[in-house]
Amino acid sequence: MRISVIGCGYLGAVHSACMASLGHDVVGIDVDRDKVEALSNALPPFFEPRLPELLETQTAAGRLTYSTDISATAAARVHFIAVGTPQQFNQHAADLSYVHQAVDALVPYLAPGDLVVGKSTVPVGTARQIAATISRRCPEATLVWNPEFLREGFAVQDTLIPNRLVYGLPDDDRVGWSDQAGHAARAGQTAQAGTSANGTRENAQSMLDAVYQHALANGCPRLVMDYETAELVKVSANAFLATKISFINAMSEVCEAAGADVSMLSDAIGYDDRIGRKFLNAGLGFGGGCLPKDIRAFMARADELGAEQALTFLREVDSINMRRRARMVDLTRQACGGSLLGKRVAVLGLAFKPDSDDVRDSPALNVAAQLQLQGAAVTATDPEATANAAQRFPELNYAETTAEAVEDADVVLVLTEWQQYRSLDPAWLSGQVARTEVVDGRNCLDGEAWRAAGWTYRALGRPELPAAVPAPA
Ligand code: UGA
């Protein structure tokens, strides 16, 4: 298939490279010249495992190109919309301007029979609006809503081996649609094109099946539904994941009050198949470019639909999540003997999760910034995210290595559970710091081993472990 991918951020860059690796001819379009140039030279503009190799092989094979010129989409028959939908400034709702701009820019280049595939995360109702826009300008092109479920850090794997494919297809009776502004779509347009509405649906489905032939042949479930359900599948999946994390973090608060251990609690309840152990890691909570803004946009959309009561619990999910960051600052203050003023705090981890350089709404960066603003002298490091963090919050000291970050520290914080921090040797570390105080923001360290090596170990949702022996001088 000849494919265009509009928007080359996390989603579009990975999607374009993966589609090319499946044998399709792909052009990625983005308005950002630097990004297009980097991608054209097989240099990913962000850290994502396996992406550099894919870009290298696929651009060299000539199947993958990038351009700032939207007219390059004219050669493609399937067009993926993969632009961002960030949170609006000072509001909970999603900013859809990039999606609408992308569609407006694309429609002049659509040809009869083309398929437009929406992948961006949007509020329910958006697909129907976009379909009306496309329908007015190119009645014989069809929109499918096909949300993505990729996780940063595993984005290539999730794109090539998805755990499900969701197709939101147009209604059978798409003749006579109208958009929200009340513009009636041209009656009889599908008939004029010589295709029945069902024919359009079937055609759209089989085109998308051809794109995803590889995954489907490997047994990936494909669920076909209407636009609204497809849009809701995406946001409700993210709302569920956020709720699961905040549930265990709420238990963490109760564990702190009762002197119990949330990690053991997670393991114990997680053995029940109905609950499951995944996404029950208590700690600093969720961040990133998706979960926080998606639950807020979902609440805003439910308000507009008059269904606000249904999602009031998400407000609590958001609050629990934010309270963990404040608790982490308090634990650090305790570890510093009651005051942060002038204390040297070493922060290990800045990305919102391991295997990513993304610091958007990162709990780790948020905590590091709060500590600095409250008078501590913070030195932070991360295997991949230091540059992005320094751009967002230049006031911190940034170190290249763990050794540099922890030098003479009064307290060490682990805020993102990179493997290299999980496997730190507490005995080695105790020789680098001023005081052997550690706060584990992700419940990822072996508290007993740290305690045995002379550290006082604190964590979210677990009792404090005082040092077993004095740390070696
Ligand atoms: C999330 C979803 O997991 C994807 O399915 C979805 O496609 C994506 O958003 C999206 O909407 O594009 P992602 O943002 O990459 O993916 O991150 P997650 O792996 O979901 O982690 C989100 C946050 O939750 C991280 O800050 C992580 O540290 C935190 N988390 C995760 C916990 O605090 N505890 C857990 O048990 C799991």
Side-chain angles (χ1 to χ4, degrees), residues 7 9-15 46-49 82-87 94 119-122 146-159 162-166 231-252 262-263 265-267 269-270 275-298 317-318 320-325 328 349-367 382 385 414-418 421-422 440-444 459-461:
Y10 278 98
L11 167 59
V14 173
H15 194 70
F46 50 84
F47 176 81
E48 183 62 42
V83 292
T85 53
Q87 189 175 333
K119 287 204 94 54
S120 307
T121 302
V122 293
N146 171 228
E148 56 80 25
F149 305 102
L150 59 83
R151 297 159 298 167
E152 289 180 25
F154 299 90
V156 170
Q157 177 191 319
D158 289 349
T159 307
N163 52 22
R164 79 281 210 194
L165 288 165
V166 168
E231 293 168 312
L232 281 172
V233 167
K234 173 60 197 261
V235 284
S236 53
N238 276 1
F240 186 84
L241 294 172
T243 305
K244 199 168 178 191
I245 297 167
S246 276
F247 170 82
I248 201 63
N249 282 333
M251 295 308 108
S252 196
V262 74
S263 287
L265 183 92
S266 296
D267 289 343
I269 64 173
I275 296 172
R277 179 64 180 80
K278 287 184 185 159
F279 268 65
L280 272 190
N281 294 323
L284 261 186
F286 59 83
C290 302
L291 262 45
K293 66 119 176 135
D294 285 354
I295 60 166
R296 292 171 195 154
F298 199 10
V317 165
D318 207 353
I320 294 166
N321 194 50
M322 290 311 203
R323 286 206 295 271
R324 292 289 77 190
R325 302 177 186 189
M328 187 71 200
L350 290 160
F352 84 105
K353 68 174 192 180
D355 299 309
S356 168
D357 65 354
D358 195 347
V359 296
R360 286 176 296 171
D361 203 354
S362 166
L365 181 57
N366 181 301
V367 167
D382 186 283
V414 177
L415 301 186
T416 313
E417 67 276 35
W418 287 90
Y421 303 147
R422 285 172 175 272
D440 181 358
R442 290 292 180 181
N443 283 310
C444 64
L460 294 164

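Counting starts at 1 for both ligands and their atoms, following the listed order. Index from 1, following the sequence.
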Please list the nearest protein heavy atom to atom 5 (O) of ligand 1 with its residue and the distance rounded to 0.1 Å. F149 O, 3.2 Å
Quick check against the 3.5 Å criterion: does N443 have a side-chain atom that pairs as donor or acceptor with the backbone of L460? yes
Check whether any side-chain heavy atom of K293 sits under 4.5 Å from a side-chain heavy atom of R360, and report yes or no. no
the protein heavy atom lying closest to atom 26 (O) of ligand 1 turns out to be F352 O, 2.8 Å
G283: heavy atom below 4.0 Å from ligand 1, yes or no? no
Hey, is CZ on F247 packed in by over 12 heavy atoms from elsewhere, all under 6.0 Å? no
Atom 34 (N) of ligand 1: closest protein heavy atom, distance to 0.1 Å, is N281 O, 3.0 Å
Considering only heavy atoms, does L241 approach ligand 1 within less than 4.0 Å through its side chain, its backbone, both, or neither? side chain
How long is the gap from CD1 on I295 to CG on N321, to the nearest 0.5 Å? 7.0 Å
The answer for which part of L150 has a heavy atom under 4.0 Å from ligand 1 is backbone
Does K234 pair with E148 as a salt bridge, N-O distance under 4.0 Å? yes
So for ligand 1, is C290 a polar contact partner (N or O within less than 3.5 Å, distance only)? no
Within the structure, does P363 bring an N/O atom to less than 3.5 angstrom of an N/O atom in ligand 1? no
Counting heavy atoms only, name the option from K353, K278, R151 that's nearest to atom 18 (P) of ligand 1. K353
Under the criterion side chain to side chain contact (heavy atoms under 4.5 Å, CB included), I'd like the reasoning laid out for V414 against C444: C-alpha separation, chi angles, the key distance, then a yes or no. CA-CA 8 Å; V414 177; C444 64; 3.8 Å; yes
Considering both backbone and side-chain atoms of N238, is one of its nitrogen or oxygen atoms within less than 3.5 Å of a nitrogen or oxygen in ligand 1? yes
The side chain to side chain contact (heavy atoms under 4.5 Å, CB included) partner of I248 among L280, N281, I320 is L280
Going by atom types alone, do T416 and R442 pair a side-chain donor with an acceptor below 3.5 Å? no
Going by heavy atoms, is G288 under 4.0 Å from ligand 1? no
Atom indices of ligand 1 within 4.0 angstrom of L291 heavy atoms, with elements: 1 (C), 9 (O), 22 (C)
Quick note on ligand 1: atoms under 4.0 Å from a heavy atom of G285 include exactly 26 (O), 29 (C), 33 (O)
Is a donor on one side and an acceptor on the other found under 3.5 Å between the side chain of E48 and the backbone of A155? yes
With atoms numbered from 1 as shown, which atoms in ligand 1 lie under 4.0 angstrom from a non-hydrogen atom of D294? 11 (O)
Report the nearest protein non-hydrogen atom to atom 20 (O) of ligand 1: residue, atom name, distance rounded to 0.1 Å. F279 CZ, 3.3 Å
Determine, for D361 against R325, whether the closest basic-nitrogen to carboxylate-oxygen distance falls under 4.0 angstrom. yes
Could you tell me whether the side chain of N146 and the main chain of K119 form a donor-acceptor pair under 3.5 Å? no
Answer with yes or no whether R442 contacts ligand 1, where contact means a heavy atom under 4.0 Å from a ligand atom. yes
Could you find the nearest protein heavy atom to atom 31 (C) of ligand 1 and give me its residue, atom name and distance? I245 CD1, 3.5 Å
Output yes when a side-chain donor or acceptor of D158 lies under 3.5 Å from a complementary backbone atom of P162, and no otherwise. no
Would E148 count as being in polar contact with ligand 1, using the rule that some N or O on each side must be under 3.5 angstrom apart? yes
Relative to the heavy atoms of L280, which atoms of ligand 1 are at a distance of less than 4.0 Å? 36 (O)
Using a 4.0 Å cut-off to any heavy atom of E152, which atoms of ligand 1 qualify? 15 (O)
Check whether T243 reaches the backbone of A239 with its side chain - one donor and one acceptor, N or O, closer than 3.5 Å. yes
Heavy-atom contact check, 4.0 Å cutoff: does K234 meet ligand 1? yes
